[in-house]
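I have placed the structure first, in the form of structure tokens, so that the comments after it can refer back to it.
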There are 2 protein chains.
Amino acid sequence: MPRPPTTPVSARNPERSRERILAAALKEFAAKGFAGARVDAIARRAGINKRMLYHYFGDKEELFKAVLRRKISERRAWGDALSGDPEETLPFWFEAACKDPDWVRLFQWEALQGDWRRVIDEEQRLEGAARGIKRIRQRQERGQISAELDPRHVMLTMRSLTMFPAAFPQLTRLITGKSVYDPEFQRERMEFLKKIAMALRPSSNGEKSADTEKT
Amino acid sequence: MPRPPTTPVSARNPERSRERILAAALKEFAAKGFAGARVDAIARRAGINKRMLYHYFGDKEELFKAVLRRKISERRAWGDALSGDPEETLPFWFEAACKDPDWVRLFQWEALQGDWRRVIDEEQRLEGAARGIKRIRQRQERGQISAELDPRHVMLTMRSLTMFPAAFPQLTRLITGKSVYDPEFQRERMEFLKKIAMALRPSSNGEKSADTEKT
DNA sequence: CCCCGAAGTAACTTTTTAGTTACTTATAGG
DNA sequence: CCTATAAGTAACTAAAAAGTTACTTCGGGG
């Protein structure tokens, strides 16, 4: 029987090798960062020879970029499927952050190592952010989010609220006494986020009721 | 004239050496993290011989811990001087994060490298967090913060709101178009935080007005 | 069937880096 | 004044770790 022309199962298989390297690199980089990651460890984890890694990706840094690019584009697709409504967006991204710590960690490594004035995949990420902001603005027009709030800062705040616990697990534990990965913590947090989302809605009385003070 | 017994200016001066090493190490670790930091670079920056660094601190890891411990205790003092009132706390911590990026970055490195289930200075940090939560609870009793909200999550959220932009400068720029260190960004953010602080107050109508929907 | 380029391997080199050894020099207390 | 002890120096070592060299093995087109 002739083997199907696509994906010969064993023997030589460049596609598969690339894939295995990327998956292994994701794990290693997320765990140890660029400086801490070991090329040999990635190769071992991927079950391939280190030489092939250089064959496919050039060097360690290019490999890191490839990993980051992949994760970012994967997530962008998710983001675009969402409305800007905090009541939907906050729980969604919070759950995503808890379920995929590697993703949060990659961003963090990027923040710490990189020159953040010029970032990988700049254009596409800018567009993704712009689309997100536009969605928020639409919700403001429909009266679902307070129009008092700068939509860019609403966006930034939604990211903060959802990513922070997974990004700073030690602070989360010190403050709440629970692990970010504890389902009970996640339930509590979901509850809290729901209330925060409500607080972002236009207040029923005259919107800017700053002077309702006791004094 | 007899030299004053305290702090002989030049020649041998262990206090000064320790101090210089810690300062240099702070810079290096904040910039590159534990794995990326170079002991030789720290020594050079401190203007001392590498051997002395080992003399005073044992090894690289102990030095990192010493640096972290120092920064943490410095900040704890600030925190205890504050009331739990978001309108005061949010701007204060936000400004602190912007003015001292090294501090935020150290926390981030800690989050990424460390075993965050057992953290440096655990006890004192737990106590510091507990005091902060107590202050929030007091404000809730006085009706300044919505009693609906879990005070631990309010605390965690205040940390998120203030630290996130400095912790993820690349996301901040992609979303807002401005650098975290741009005074204009900081002004905007202060403005925004003020409004968020207001949104955390008990809503003037019946607190849980979840069903004020349009539909 | 054979041969050329891509896939794959093992062992090597070069550089970097944490940590040490083996010394010299200042200084305080007796 | 003298000596024990801590501060300080320079040059070294051993262990990674990134990246290479010099090969072998497949497998598809002529």
Side-chain angles (χ1 to χ4, degrees), chain A residues 1-68 109 113, chain B residues 1-29 31-68 109 113-114:
Chain A
M1 192 196 275
R3 204 181 267 161
T6 52
T7 61
V9 190
S10 68
R12 308 202 159 183
N13 192 334
E15 317 280 316
R16 207 178 95 98
S17 293
R18 270 191 83 94
E19 204 47 47
R20 291 176 62 85
I21 293 170
L22 279 171
L26 169 62
K27 282 287 162 204
E28 179 79 2
F29 283 130
K32 316 247 187 89
F34 182 76
R38 297 296 157 229
V39 175
D40 295 81
I42 295 172
R44 203 169 346 108
R45 187 171 218 144
I48 63 126
N49 188 285
K50 181 168 61 153
R51 187 67 187 79
M52 292 320 286
L53 189 152
Y54 286 95
H55 178 56
Y56 287 121
F57 294 96
D59 66 4
K60 192 182 175 185
E61 190 170 341
E62 283 305 312
L63 179 57
F64 183 79
K65 286 187 194 166
V67 166
L68 201 56
W109 291 115
Q113 330 162 143
Chain B
M1 193 196 273
R3 205 182 267 159
T6 50
T7 61
V9 190
S10 68
R12 304 197 162 187
N13 192 334
E15 317 280 315
R16 207 177 95 99
S17 293
R18 270 189 84 94
E19 203 48 45
R20 291 176 62 87
I21 293 170
L22 280 170
L26 169 62
K27 283 287 161 200
E28 179 79 3
F29 283 130
K32 318 250 186 87
F34 182 76
R38 296 300 158 228
V39 175
D40 295 80
I42 295 171
R44 203 169 346 107
R45 188 171 218 145
I48 61 125
N49 189 285
K50 181 167 62 155
R51 188 65 188 77
M52 292 320 286
L53 190 154
Y54 286 96
H55 178 54
Y56 287 121
F57 294 97
D59 67 4
K60 193 182 176 184
E61 191 171 340
E62 283 305 312
L63 179 57
F64 182 80
K65 285 187 194 165
V67 166
L68 200 58
W109 290 116
Q113 337 161 133

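This structure is a prediction, so every number in the text was calculated from the model and none was measured.
The pair Glu28(A)-Arg45(A) counts as a salt bridge, with a side-chain nitrogen and a carboxylate oxygen less than 4.0 angstrom apart. With respect to Lys65(B) and Glu62(B), a salt bridge is recorded, a charged nitrogen being found less than 4.0 Å from a carboxylate O.
Between Ile21(B) atom CD1 and dA18(C) atom P the separation is 15 Å, expressed in whole Å. Following rounding to the nearest Å, Asn13(B) (CG) and dT25(C) (C1') show an atom-to-atom distance of 16 Å. The distance from atom CD of Glu61(A) to atom P of dA17(D) is 19 Å, rounded to the nearest whole Å. Between the P atom of dA6(D) and the CG atom of Leu53(B) lies a distance of 19 Å, rounded to the nearest Å. Note: CZ (Phe57(A)) to C1' (dA7(C)) measures 14 Å, nearest angstrom. The distance from atom NZ of Lys60(B) to atom P of dA16(D) is 14 Å, rounded to the nearest whole Å. Straight-line distance from the CD1 atom of Ile48(A) to the P atom of dT9(C): 8 Å, rounded to whole Å. Tyr54(A) has its OH atom 16 Å from the P atom of dT14(C), to the nearest Å.
Residue Ala37(B) is in sugar-phosphate contact alone, with no base atom involved, counting any heavy-atom pair closer than 4.0 Å across all strands shown.
The cationic group of Arg51(A) does not satisfy the cation-pi geometry with Tyr56(A), failing either the under 6.0 Å distance to the six-membered ring centre or the 45° limit from the ring axis.
Residue Met52(A) places its side chain closer to dG8(C) than to any other of dT9(D), dG8(C), dA18(D). Nearest nucleotide to the Pro14(A) side chain, out of dA17(D), dA18(C), dA7(C): dA7(C). Residue Asn49(A) places its side chain closer to dA10(C) than to any other of dA17(D), dA10(C), dA18(C). Each of dA18(D), dG19(C), dG8(D) was ranked by its minimum atom distance to the side chain of Lys50(A); first place goes to dA18(D).
Not one side-chain nitrogen or oxygen of Tyr56(A) sits closer than 4.0 Å to the OP1 or OP2 atom of dA6(C). Remark: Ser17(A) is in phosphate contact with dG8(C), judged by side-chain N or O atoms under 4.0 Å from OP1 or OP2. Contact annotation: His55(A) side-chain N/O to dA6(C) OP1/OP2 distance is not under 4.0 Å.
Between Phe64(A) and Phe29(A), the ring-plane angle classifies as perpendicular under the 30° and 60° cut-offs.
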| request: Start with the C-alpha gap between Tyr54(B) and Val39(B), add the side-chain angles, then the distance that decides, and say whether side chain to side chain contact (heavy atoms under 4.5 Å, CB included) holds. | output: CA-CA 10 Å; Tyr54(B) 286 96; Val39(B) 175; 3.7 Å; yes

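On a pure distance criterion of 3.5 Å, no polar donor-acceptor pair joins the side chain of Arg38(B) and the base of dT16(C).
Along DNA chain D, the nucleotide closest to Arg51(A) and the one closest to Ala35(A) are compared, and the more 5′ of them pairs with Ala35(A).
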